[in-house]
Number of protein chains: 2
Amino acid sequence: MTVPSGPVSATTETERLMFEFVDAYERAFEAAAKEHGLSPAHACVLGRLDSVRGMGELSDELGCDASNVTQIVARLEARELAVRQANPDDRRFRQIQRTTAGDAVYAAFEESFDFPRRAVANLTTKEQRQLATLLGKSLAVKERGA
Amino acid sequence: MTVPSGPVSATTETERLMFEFVDAYERAFEAAAKEHGLSPAHACVLGRLDSVRGMGELSDELGCDASNVTQIVARLEARELAVRQANPDDRRFRQIQRTTAGDAVYAAFEESFDFPRRAVANLTTKEQRQLATLLGKSLAVKERGA
DNA sequence: TATTGTTATACTCTATAACTATA
DNA sequence: TATAGTTATAGAGTATAACAATA
């Protein structure tokens with residue numbers, strides 16, 4: 001189990017609940033991945049392979065180094081959950097995709113990772129819309145610089 | 001940068017925003033820790049040392065193995081950010097606490113980790129209360145078993 | 001003997017730097 | 001020469017199992 005991101009001496013109840021939510025989400029993700037023999041990183045990459053992807057694309061989205069993605073994908077390939085093929089138009093590029101087995105494992109993982117579904121299910125339709133609006137508004141923080 | 005927990009093919013906008021929020025929170029935590037030469041795990045443990053703590057207490061709260069905490073605390077001690085002392089009443093127990101230097105580093109980290117503060121600042125007081133209520137309600141998922 | 005914590009070990013995640021293959 | 005990706009390597013996080021110290 002990865003140690004949680006926090007707590008910081010939360011000054012408000014809202015901040016405390018943000019941390020609790022993030023912590024619960026992460027723990028649930030990790031536990032669901034483990035159920036299917038996946039590390040969080042493997043589950044994450046597998047989830048991005050809904051369509052054919054390039055290595056650079058993946059490392060950009062994941063915000064991590066390309067060499068890291070190479071290793072994760074190499075393991076997925078070794079387990080026959082994904083394959084890498086050179087792009088015939090420019091053989092420097094690789095095309096990564098899930099195998100049928102990868103599809104099955106990922107579907108099973110998603111079934112296990114019920115935290116977001118259950119969290120939403122605890123709310124009325126109106127509350128779900130409210131929560132989405134508030135989260136979106138709070139995330140505007142990202143745009144404000146720093 | 002740790003790879004994000006997701007995405008899972010989010011079926012609703014609310015679920016998608018939950019992931020985005022968690023992802024942004026984690027990235028901000030990791031970046032703030034790095035600014036002060038801390039790993040996320042170090043920042044996390046340091047944050048728990050606001051008062052004197054035991055090793056078992058820490059591993060319980062962190063949801064990870066005791067041997068893991070031993071290593072993290074050993075590094076904090078090597079950097080003179082924390083100290084371990086045997087409890088004189090029962091020398092099997094250790095009392096972990098931050099040093100003055102540890103206090104300073106953690107305070108600086110908290111100053112840098114402004115994501116929750118800024119997220120809250122994007123909301124009105126009423127919206128903050130609403131968000132806290134909705135997050136709390138969605139987290140009831142934890143109590144429902146599984 | 002039971003409990004607290006540590007050490008030894010192994011595996012994964014991650015990044016940096018050097019490298020290969022392709023263009 | 002420039003770009004996409006890989007390999008070599010090293011450091012940190014994590015868990016399991018064996019261990020030491022204390023009770």
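Every chain is numbered from 1 and lettered A, B, ... according to where its sequence line falls, protein lines coming before strand lines.
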| query | Do B:Val73 and B:Val83 share a hydrophobic cluster, counting only Ile, Leu, Val, Met, Phe, Trp and Tyr and linking them when any side-chain heavy atoms are less than 4.5 Å apart? | reply | no

| request: Take atom CD of B:Glu30 and atom C1' of C:dC13, then tell me their distance rounded to the nearest Å. | output: 11 Å

| query | Between the side-chain atoms of A:Gln71 and the base atoms of C:dT12, is any donor-acceptor pair under 3.5 Å? | reply | no

| said: From CG of B:Asp60 over to C1' of C:dT3, roughly how many Å is that when rounded to an integer? | reply: 14 Å

| said: Does B:Val3 reach a base, just sugar-phosphate, or nothing at all? Heavy atoms under 4.0 Å. | reply: sugar-phosphate

| What is the distance, rounded to the nearest whole Å, between atom CZ of B:Arg94 and atom P of D:dT22? | 9 Å

| task | May I ask you to decide if the ring planes of B:Tyr25 and B:Phe21 are parallel, tilted or perpendicular, using 30° and 60° as cut-offs? | result | tilted

| Under a single-linkage definition using a 4.5 Å side-chain heavy-atom cutoff for Ile, Leu, Val, Met, Phe, Trp and Tyr, are B:Leu76 and B:Phe93 assigned to the same hydrophobic cluster? | no

| query | Please give, in whole Å, the distance from D:dT22 P to B:Phe93 CZ? | reply | 14 Å

| task | Verify the neighbour count for atom CD of B:Glu80: are there more than 12 heavy atoms of other residues, nucleotides or ligands below 6.0 Å? | result | no

| task | For A:Gln85 and D:dA4, give me the distance from atom CD to atom C1', rounded to whole Å. | result | 17 Å

| said: Within the 4.5 Å heavy-atom criterion, are A:Arg92 and A:Asn87 side-chain neighbours or not? | reply: no

| said: How many whole angstroms separate atom NZ of A:Lys34 from atom P of D:dG13? | reply: 18 Å

| Under-4.0 Å side-chain N/O to phosphate OP1/OP2 contact, B:Asn68 with D:dG13 | no

| Neighbour count >12 (heavy atoms, 6.0 Å) for atom CD, B:Glu111 | no

| field | Student check: side-chain heavy atoms of B:Arg84 and B:Ile96 closer than 4.5 Å | value | yes

| query | In whole angstroms, how far is the P atom of C:dT6 from the CG atom of B:Leu58? | reply | 11 Å

| task | Applying side-chain hydrogen bond (donor to acceptor under 3.5 Å, both in side chains), run through A:Thr2 and A:Glu30 and close with a yes or a no. | result | CA-CA 8 Å; A:Thr2 306; A:Glu30 190 171 340; 3.2 Å; yes

| Within the structure, does a side-chain N or O atom of B:His42 lie under 4.0 Å from either OP1 or OP2 of D:dA12? | no

| message | I want to know whether B:Phe115 and B:Phe29 have ring centres closer than 6.0 Å. | response | no

| remark: So, with a heavy-atom separation below 4.0 Å from DNA chain C, the residues of residues 75-82 of chain A are A:Arg75

| task | Going 5' to 3' through nucleotides 17-23 of chain C, assign each nucleotide B (protein heavy atom under 4.0 Å from a base atom), S (under 4.0 Å only from sugar-phosphate atoms) or - (no protein heavy atom that close). | result | -----BS

| task | Whole angstrom is fine here: how far is it from CZ in B:Arg53 over to P in C:dT4? | result | 16 Å

